[in-house]
Novice: 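Have a look at this one.
Note that ligands are numbered from 1 as they come in the structure, with each ligand's atoms numbered from 1 the same way.
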Amino acid sequence: MSAPTLYQPYAHFVKQANLRGLEDYQAISQWAQENSADFWAFQANRLLSWQRPFATALNDSQAPFFKWFEEGQLNASFNCLDRHVLAGRGGKTALIFEADNGQVKKLTYTQLLAKTCQIANALKQLGVEKGDRVIIYLSVSIEAIASMLACARIGAIHSVIFGGFSTTSVYDRIVDMQAKLIITADVQMRGGKPTKLKAIVDEALLLGPCPSVKHVLTVERTSDTTSYQAGRDVTFKEWVEPQKDQCDPVWVDSEHPLFLLYTSGSTGKPKGIQHATAGYLLHAALTTDWTFDYKPSDIIWTTADIGWITGHTYALYGPLCLGSTQMIFEGIPTYPHSGRFWEIIQRHKVSVFYTAPTAIRSLIKLNESNLDEHPKNYDLSSLRLIACAGEPINPAAWEWFYQHVGGGRCPLLDTFWQTETGGQVLTPLPGVTPLVAGSCTLPFPGIDACVVDETGAEVPHGVAGLLVIKKPWPALARTIWGDAERYKNSYFPDNLGGTYYLAGDGAVRDPATGYFTITGRIDDVLNVSGHRMGTMEVESALVSCTDWVAEAAVVGRPDETTGEAICAFVVLKGARPEPQEAERIAKLLRDHVGKMIGPIAKPKDIRFGDNLPKTRSGKIMRRLLRSIAREEPITQDISTLENPAILQQFQTLRT
Ligand code: WTA
């Protein structure tokens with residue numbers, strides 16, 4: 001195998017970057033390693049505005065429940081808005097919004113502050129208080145961002161639910177967090193298709209008792225006949241628009257929860273990852289500053305939906321905290337044509353473009369078969385940096401992105417992180433790190449990452465193991481909402497000593513450079529188009545289709561476009577269907593899962609059998625299912641299998 005190309009840091013970046021050269025990085029990283037608390041304290045004073053200064057950087061007396069910047073008080077919305085306005089930069093564009101249908105709306109910092117205050121005043125009037133949970137079920141929009149900041153302004157805890165999640169997912173989250181208010185819209189438009197969000201909320205609220213919910217506040221985009229329940233349902237028009245555009249920020253303690261974001265785990269229901277105000281905001285700002293090498297003239301476009309952590313950290317908190325201009329886009333990359341992303345970059349002169357490998361992979365296919373929509377037909381010269389996150393990027397996609405979008409002149413950063421880490425933790429830095437396709441290279445300064453074995457001992461470079469972060473950092477999620485025990489067991493397991501953060505991914509380091517390559521999840525979490533999905537969640541959705549399904553097991557298999565694909569093995573209540581009937585039932589099951597969780601959870605493959613492959617003790621043999629899903633020959637030992645004949649059934653009946 002030939003040695004991978006090392007893309008050297010770019011001379012212009014080395015001269016101007018916020019961090020200059022590998023030596024600068026190594027010196028800072030080493031200092032941060034040895035003086036972790038001081039490093040973060042220094043950055044917290046440099047990047048955040050404090051109403052009351054903090055007394056200590058780190059309190060680790062109750063590890064792994066770490067506390068950062070105690071005694072300090074601040075407000076995230078003040079840091080993202082007021083301080084820029086107070087410094088005379090209120091006229092700068094904060095948001096450039098492009099709707100699905102191409103309409104553009106721009107908002108300055110002064111205008112975004114006013115809008116945030118109006119929503120905050122409405123929330124107060126509707127009875128929302130500090131610490132209350134507010135669900136935001138909106139697509140990428142000015143209202144979504146202003147609503148998040150409005151919650152932060154009054155100390156309420158926001159929890160954005162991705163607009164692609166359906167009724168049951170919304171209901172489960174309402175109940176888990178005991179939400180007091182839900183902000184939604186009558187419709188969201190993506191790819192020309194409307195989704196009636198308010199109607200989904202209405203259905204969710206009927207699934208069971210939800211006494212915590214006092215109001216549903218709706219953005220009206222159409223004169224649609226959305227039904228409104230008197231007393232509970234209110235609209236932006238009546239409640240937000242007449243409000244004053246000033247609202248004093250509520251100063252909160254550093255550790256006050258800023259938001260909950262639900263994500264899939266290996267077992268059970270999705271978990272509400274809880275982030276603390278100061279630590280999270282600091283890491284968001286610092287990584288935007290160094291990884292994106294932030295310049296005041298930048299136009300940053302993070303394409304992720306606001307319902308995911310990438311949307312939170314890099315479409316809102318990081319860039320707004322630094323006073324940057326953000327591009328935000330409601331639609332999808334392929335509508336009305338597959339050159340839409342390149343058109344937006346050209347039209348709005350985007351300089352930093354942060355997207356997901358899955359988007360790149362699907363655009364490669366479409367752009368290479370339809371050269372009219374190829375990036376070469378667009379003026380992408382405004383770009384100076386490109387990056388991706390959320391899943392592994394294969395070297396071929398990396399090269400295409402680098403050459404055709406970055407023009408071979410923009411550094412391409414493969415950034416690794418998670419909902420729980422708050423911001424990037426393994427990432428190249430422009431002007432610092434020589435790049436290699438397919439590696440997220442080195443830890444961000446202040447992140448003490450390494451690869452260990454099952455006992456917590458570090459493994460030599462070149463040997464695969466578990467990715468851990470040995471020391472706490474400020475943006476580490478503080479807990480799982482309402483389940484501290486699960487937090488401790490999932491992320492700080494005793495077999496690793498109880499103080500290492502276990503990411504849940506495997507990794508291996510290059511023997512020569514020490515670069516990290518992520519080898520994939522070590523648990524039952526799948527990554528489908530960059531979306532985390534627990535196999536158990538999909539299984540429960542399938543078996544809840546009680547009219548049809550007796551039993552189901554779900555595994556992942558590699559997929560060229562979506563990274564991984566969901567494969568379901570289903571045992572029906574009646575007889576195993578004939579091929580034509582199988583198609584019909586498979587569609588029914590996919591729709592059911594779509595309704596329960598959301599379209600992203602629909603299994604790509606569904607296979608039917610009379611039973612699942614089980615050991616004599618009744619355990620499902622998932623490794624066999626994985627081989628079948630990948631269409632690999634079965635080489636494993638099947639001597640403990642009770643019913644070998646069903647393997648062949650599953651191998652033959654696939655829809
Ligand atoms: C995966 C998204 C390889 C990983 C920001 C992780 C990656 C999960 C990368 C977190 C990357 C994220 N290379 N894998 N650069 N970035 N992942 O919480 O499996 O939605 O655990 O956060 O995505 O997904 P989450």
Side-chain angles (χ1 to χ4, degrees), residues 160-162 164-165 259-266 270-275 280 283-284 287-288 291 302-315 317-318 354-361 386-395 397-398 401 412-428 433 435-444 447 449 451 464 466-469 475-477 480 490-491 501-508 515-535 537 556 558 562-564 600:
V160 184
I161 302 182
F162 172 54
F165 280 123
F259 64 86
L260 305 178
L261 191 56
Y262 282 76
T263 190
S264 294
S266 51
K271 38 195 181 184
I273 301 297
Q274 178 181 322
H275 277 289
Y280 168 80
H283 196 70
T287 46
T288 305
T291 310
T302 294
T303 65
D305 192 276
I306 205 77
W308 308 116
I309 191 70
T310 315
H312 281 56
T313 308
Y314 299 106
Y317 286 111
Y354 194 26
T355 194
T358 208
I360 296 299
R361 283 194 299 267
I386 55 178
C388 61
E391 51 179 324
I393 179 161
N394 49 310
W398 195 102
F401 190 21
L412 164 48
L413 315 177
D414 174 4
T415 66
F416 169 88
W417 59 295
Q418 308 174 296
T419 306
E420 295 87 340
T421 67
Q424 298 147 350
V425 288
L426 297 176
T427 178
T433 328
L435 307 172
V436 182
S439 168
C440 45
T441 74
L442 294 170
F444 191 83
I447 300 295
V451 182
L466 312 170
L467 176 66
V468 296
I469 301 177
L476 168 66
I480 293 173
S490 312
Y491 303 118
Y501 169 76
L502 176 69
D505 283 282
V508 59
Y515 279 13
F516 289 74
T517 294
I518 302 297
T519 54
R521 296 287 308 187
I522 52 165
D523 51 16
D524 291 326
V525 172
L526 305 180
N527 193 324
V528 183
S529 298
H531 301 153
R532 272 165 74 167
M533 189 53 59
T535 51
E537 278 173 74
T562 57
E564 272 188 296
I600 48 169

Novice: Does any N or O atom in Ile518 lie less than 3.5 angstrom from one in ligand 1, N or O only?
Specialist: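 No - when backbone and side-chain N and O of Ile518 are compared with those of ligand 1, no distance drops under 3.5 Å.
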Novice: How does Thr415 reach ligand 1, by side chain, by backbone, by both or by neither, if only non-hydrogen atoms under 4.0 Å count?
Specialist: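 The answer is the backbone of Thr415.
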Novice: Please state whether the rings of Phe162 and Trp308 are parallel, tilted or perpendicular, taking 30° and 60° as the class boundaries.
Specialist: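 Tilted: the ring planes of Phe162 and Trp308 meet at 30° to 60°.
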Novice: Assess, by modelled atom type and distance only, whether the side chains of Tyr262 and Thr419 contain a donor and an acceptor separated by less than 3.5 Å.
Specialist: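 On atom types as modelled, these side chains do not qualify, holding no pair under 3.5 Å.
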Novice: Have a look at ligand 1 and work out which part of Leu426, if any, has a heavy atom under 4.0 Å from it: side chain, backbone, both or neither.
Specialist: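 Neither; nothing of Leu426 gets under 4.0 Å from ligand 1.
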Novice: Taking the side chain from Tyr280 and the backbone from Thr313, do they hold a donor-acceptor pair closer than 3.5 Å?
Specialist: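 Such a contact is found between Tyr280 side chain and Thr313 backbone.
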Novice: In a check of side chain to side chain donor-acceptor pair (under 3.5 Å) between Arg521 and each of Asp524, Asp523, Thr519, which one passes?
Specialist: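 It is Asp523; the other options fail the test.
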Novice: Rounded to the nearest 0.5 Å, what separation is found between the OG1 atom of Thr415 and the OH atom of Tyr354?
Specialist: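 Going from the OG1 atom of Thr415 to the OH atom of Tyr354 covers 2.5 Å.
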Novice: Using a 4.0 Å heavy-atom cut-off, which part of Cys440 comes near ligand 1: side chain, backbone, both, or neither?
Specialist: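 The answer is neither.
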Novice: With a cut-off of 4.0 Å, which atoms of ligand 1 are near a heavy atom of Ile309?
Specialist: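 Counting atoms of ligand 1 from 1, those under 4.0 Å from Ile309 are 5 (C), 22 (O).
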Novice: Whether the Tyr515 and Thr433 side chains hold a donor-acceptor pair (N or O, under 3.5 Å, no angle test) is what I'd like checked.
Specialist: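 Result is no, nothing qualifies.
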Novice: Keeping Glu564 on the side-chain end and Asn527 on the backbone end, is there a donor-acceptor pair under 3.5 Å?
Specialist: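 Looks like yes, one N/O pair under 3.5 Å.
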Novice: With atom 20 (O) of ligand 1 as the reference point, say which of Gln424, His531, Arg532 has the nearest heavy atom.
Specialist: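 Result: the heavy atom closest to atom 20 (O) of ligand 1 is in Arg532.
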Novice: Ligand 1 versus Asp505, non-hydrogen atoms closer than 4.0 Å: side chain, backbone, both, neither?
Specialist: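 Contact part for Asp505 vs ligand 1: side chain (C-beta onward).
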Novice: Tell me, which protein residue and heavy-atom name are nearest atom 11 (C) of ligand 1, and how many Å apart are they?
Specialist: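 In this structure, atom 11 (C) of ligand 1 has Glu391 O, 3.5 Å as its nearest protein heavy atom.
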Novice: Find all atoms of ligand 1 within a distance of less than 4.0 Å from any non-hydrogen atom belonging to Asn527, and give their numbers and elements.
Specialist: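 So the atoms of ligand 1 that pass are 1 (C), 23 (O).
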Novice: Which distance, rounded to the nearest 0.5 Å, do you find between the CZ of Phe516 and the CG of Asp505?
Specialist: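 Spacing of CZ (Phe516) from CG (Asp505) equals 12.0 Å.
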Novice: Could you check whether any side-chain N or O of His275 sits under 3.5 Å from a backbone N or O of Ala475, counting only pairs where one atom can act as donor and the other as acceptor?
Specialist: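 A pair under 3.5 Å: yes.
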Novice: Tell me, which protein residue and heavy-atom name are nearest atom 23 (O) of ligand 1, and how many Å apart are they?
Specialist: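 The closest one turns out to be Gly390 O, 3.1 Å.
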Novice: Tell me, with the steps shown, if Glu420 and Thr263 meet side chain to side chain contact (heavy atoms under 4.5 Å, CB included).
Specialist: CA-CA 9 Å; Glu420 295 87 340; Thr263 190; 4.0 Å; yes
Novice: Heavy atom to atom 22 (O) of ligand 1, shortest distance: which of Gln418, Arg521, Glu564 holds it?
Specialist: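 Looking at heavy atoms only, Gln418 sits closest to atom 22 (O) of ligand 1.
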Novice: Quick one: which ligand 1 atoms are inside 4.0 Å of a heavy atom on Thr419?
Specialist: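 Counting atoms of ligand 1 from 1, those under 4.0 Å from Thr419 are 18 (O), 20 (O), 22 (O), 25 (P).
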Novice: Can you list the ligand 1 atoms lying under 4.0 Å from a non-hydrogen atom of Thr310?
Specialist: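 Ligand 1 atoms under the 4.0 Å threshold to Thr310: 5 (C).
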Novice: Looking only at protein heavy atoms, identify the closest one to atom 2 (C) of ligand 1 and say how far it is in Å.
Specialist: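 The closest one turns out to be Trp417 O, 3.8 Å.
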Novice: Is the shortest N/O to N/O distance between Asp414 and ligand 1 below 3.5 Å?
Specialist: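 Yes.
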Novice: Which residue supplies the protein heavy atom nearest to atom 3 (C) of ligand 1, what is that atom called, and how far is it?
Specialist: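 I find the closest protein heavy atom is Pro392 N, 3.2 Å.
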